[in-house]
Every structure is written in C-alpha cells, then in structure tokens.
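These notes concern the structure reproduced below.
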Amino acid sequence: MRELLKYMHLDFEMFGQRNGHMDVWRDMINSGYERALVLEDDIDFEIDAVSTIGKALDAINNTQGWDILYVGHCSMEENKGKAKSGFSRVHKAVHPFCTSGYILSRQGAQKLYAYFFKNMKNTHSLDVQLVALIKRKLLSAYSVYPPVVYQRRDLYPSDDGIELKIHRLLTNSAWNEAQMFVPHLENWTDPPDQEFLNPAFKHIPSWMEDKKSVS
C-alpha cells in the first residue's frame with residue numbers, strides 16, 4: 001500500500017485520514033441517512049454542545065441545499081461570514097480549516113464522496129480541499145462560531161498555532177468536567193479508545209474497580 005501511495009505521490013497519514021472520512025460518507029449514503037455528525041477521535045467539546053448544535057441545525061434547515069455545517073474548526077474568521085437569522089452563532093463559512101467536527105447533509109455526503117473519489121491524487125490535506133470547494137461555491141457551508149468541538153490540548157501541548165488560539169474560546173470543557181468526576185482521567189493523556197478497542201483487552205481497567213468493595 002505504501003508503495004502504491006508513493007507512486008501516486010500521496011502521504012500515507014493524509015491518505016488514511018481522507019479514507020476514514022470517505023468511509024463515513026459512503027456508509028451515510030448507503031444507509032440512507034439524511035444527516036450525520038462526523039467527529040475526530042481526539043476532541044473535547046462544550047458541555048452544551050448538543051443544545052447548540054440543535055439550534056444551529058434549526059437555523060439552517062430552512063436553507064435550501066446546505067451541504068455541511070462545521071461545529072468544530074480552527075478558524076478565528078468564521079464570525080465574519082453572514083450570520084443566519086434565528087441563531088446568531090451560525091455564519092456562512094469563510095475558511096473553516098480543520099475537521100474536528102462537522103455535520104453533513106445527504107446531498108453534501110454525495111458531493112464530497114464523488115469529488116474525492118475522482119480526485120484521489122490531490123495531495124492537499126482534506127480540510128484544505130474542503131475550504132477550496134467552499135471558496136469555489138461548490139459546497140454550501142456554514143460554521144458555528146465559537147465552535148463547540150475542539151481538538152484536545154493535553155494531547156498536543158507543544159502546538160502553539162491556530163489550534164491553540166481557537167481552543168481559548170472553549171469555556172466549559174466536557175473533558176475537564178469528566179476529570180472532576182473520574183479523578184483517574186487526570187493523568188490519562190492518551191486517547192481513551194486505544195485501550196477499549198484493543199481486542200486483547202479482556203479485563204476491567206484497574207481505575208474502574210470499586211476500591212471500597214475490595215476487602
């Protein structure tokens with residue numbers, strides 16, 4: 001596979017990310033879903049994210065032909081797009097780099113899958129290509145600003161770029177809230193799914209055991 005990607009001038013990790021998103025789009029189309037929320041596996045989010053996303057969807061549902069709603073991104077410019085009436089946090093997307101979290105309509109999934117299937121040799125990252133499609137008005141896109149989904153900072157403490165700037169907008173972190181109720185999460189810096197999705201993992205993690213019941 002690596003040799004094939006090298007021949008096609010594609011980066012292995014970039015291809016993996018793009019392919020993962022394409023799998024979701026294809027499954028969405030084949031399953032007949034009208035909308036789908038797509039999230040990266042290293043995210044944090046606002047505690048009221050569900051409520052905010054619901055209001056955002058209500059605001060754009062009357063918009064004919066919307067394709068994608070960014071609920072997580074790393075752009076400080078998304079509030080410069082025209083705001084939707086009904087919910088002031090929803091704006092026409094400007095350049096919503098990163099794919100921390102987004103909602104696709106069925107039409108949007110069909111457009112994206114067709115485009116990326118035909119342009120597999122494009123070496124630009126997924127988020128850059130999405131922004132290019134938005135700029136060319138090939139995608140009807142909206143953004144929530146401030147976003148409600150963010151990349152977790154404890155996983156990338158050395159990253160001081162735009163991700164850090166946008167992360168400062170996070171006010172009520174669900175991850176921080178979880179640490180208050182599950183103290184063992186305080187020192188857990190790896191993505192949680194690594195442990196639970198490992199087929200060889202058969203026993204209960206030690207931090208989940210009820211210490212008080214152990215004699």
> Can you list the steps and then say if Glu46 with Thr52 is a side chain to side chain donor-acceptor pair (under 3.5 Å)?
Replying inline: CA-CA 9 Å; Glu46 294 280 4; Thr52 302; over 6 Å; no

>> What I'd like to find out is whether the side chain of Leu112 reaches to under 4.5 Å of the side chain of Asp67, using heavy atoms alone.
In response: no

> Are any of the side-chain heavy atoms of Asp44 and Gln151 separated by less than 4.5 Å?
Replying inline: no

> Transitively linked via ILVMFWY side-chain contacts under 4.5 Å: Leu126 with Ile68?
Replying inline: yes

>> Using a 3.5 Å distance criterion without hydrogens, assess whether the side chain of Ser31 forms a donor-acceptor pair with backbone atoms of Tyr33.
In response: no

> Under a 4.5 Å side-chain heavy-atom rule over Ile, Leu, Val, Met, Phe, Trp and Tyr, are Leu138 and Ile134 clustered together?
Replying inline: yes

> Which residue pairs pass the side chain to side chain donor-acceptor pair (under 3.5 Å) test with at least one member in residues 131-146, sequence neighbours excluded?
Replying inline: Glu78-Ser143

>> When you compare the side chain of Ile103 with that of Ile53, does any pair of heavy atoms fall below 4.5 Å?
In response: yes

> What residue pairs, at least two apart or across chains, pass side chain to side chain donor-acceptor pair (under 3.5 Å) with a residue in residues 96-105?
Replying inline: His21-Tyr102, Trp25-Tyr102, Glu40-Thr99

>> To the closest 0.5 Å, what do you measure between NZ (Lys84) and CG (Asn62)?
In response: 7.5 Å

>> Using side-chain heavy atoms (C-beta onward) and a distance below 4.5 Å, is Leu37 in contact with Leu39?
In response: yes

> Of all heavy-atom pairs between Ala59 and Val90, which one has the smallest distance, and what is that distance?
Replying inline: CB-CG2, 4.5 Å

> CD of Glu177 to CZ of Phe45: how many Å apart, nearest 0.5 Å?
Replying inline: 10.5 Å

>> Rounded to the nearest 0.5 Å, what separates atom NZ in Lys92 from atom NZ in Lys82?
In response: 9.5 Å

>> Restricting to non-hydrogen atoms, name the atom on Leu69 and the atom on Ala56 that form the minimum distance, rounded to 0.1 Å.
In response: CD2-CB, 3.9 Å

> Nearest heavy-atom pair of Phe116 and Arg18: which atoms, and what distance?
Replying inline: CD2-CD, 3.9 Å

> Stepwise, does the side chain to side chain contact (heavy atoms under 4.5 Å, CB included) test hold for Leu169 with Tyr150?
Replying inline: CA-CA 9 Å; Leu169 299 177; Tyr150 298 80; 3.5 Å; yes

> So do the side chains of Arg89 and Asn79 get within less than 4.5 Å of each other, counting heavy atoms only?
Replying inline: no

>> Are Phe117 and Ile29 connected into the same hydrophobic cluster when the rule is that any two of I, L, V, M, F, W, Y join if their side-chain heavy atoms are below 4.5 Å apart?
In response: yes

> Honestly curious: do Val38 and Leu139 fall in one hydrophobic cluster under the side-chain, below-4.5 Å linking rule?
Replying inline: yes

>> Show every ring pair (Phe, Tyr, Trp, His ring centres under 6.0 Å) that has at least one partner inside residues 76-96, sequence neighbours left out.
In response: His95-Phe97

> Minimum heavy-atom separation for Ile166 to Pro147, with atom names?
Replying inline: CG1-CG, 4.0 Å

>> Would you say that Asn61 contacts Arg35 through its side chain, given a criterion of any heavy-atom pair below 4.5 Å between the two side chains?
In response: yes

> Would you say the side-chain atoms of Ser173 pair up with the backbone N or O of Asn176, donor to acceptor, closer than 3.5 Å?
Replying inline: yes

> Does the pair Arg26/Asp23 count as a salt bridge with the N-to-O cut at 4.0 Å?
Replying inline: yes

> Roughly how far, to the nearest 0.5 Å, is OG1 of Thr171 from CD1 of Ile47?
Replying inline: 8.5 Å

> Do Tyr115 and Met120 belong to the same hydrophobic cluster, where Ile, Leu, Val, Met, Phe, Trp and Tyr are linked whenever their side-chain heavy atoms lie under 4.5 Å apart, directly or via other members?
Replying inline: yes

> What is the ring orientation for Tyr70 with His73, classed by angle as parallel under 30°, tilted 30 to 60°, or perpendicular over 60°?
Replying inline: perpendicular

> Can you tell me how far the OG atom of Ser75 sits from the CG atom of Asp127, to the nearest 0.5 Å?
Replying inline: 11.0 Å

>> Show the nearest heavy-atom pair for residues Leu104 and Met28, with the distance to one decimal.
In response: O-CE, 3.3 Å

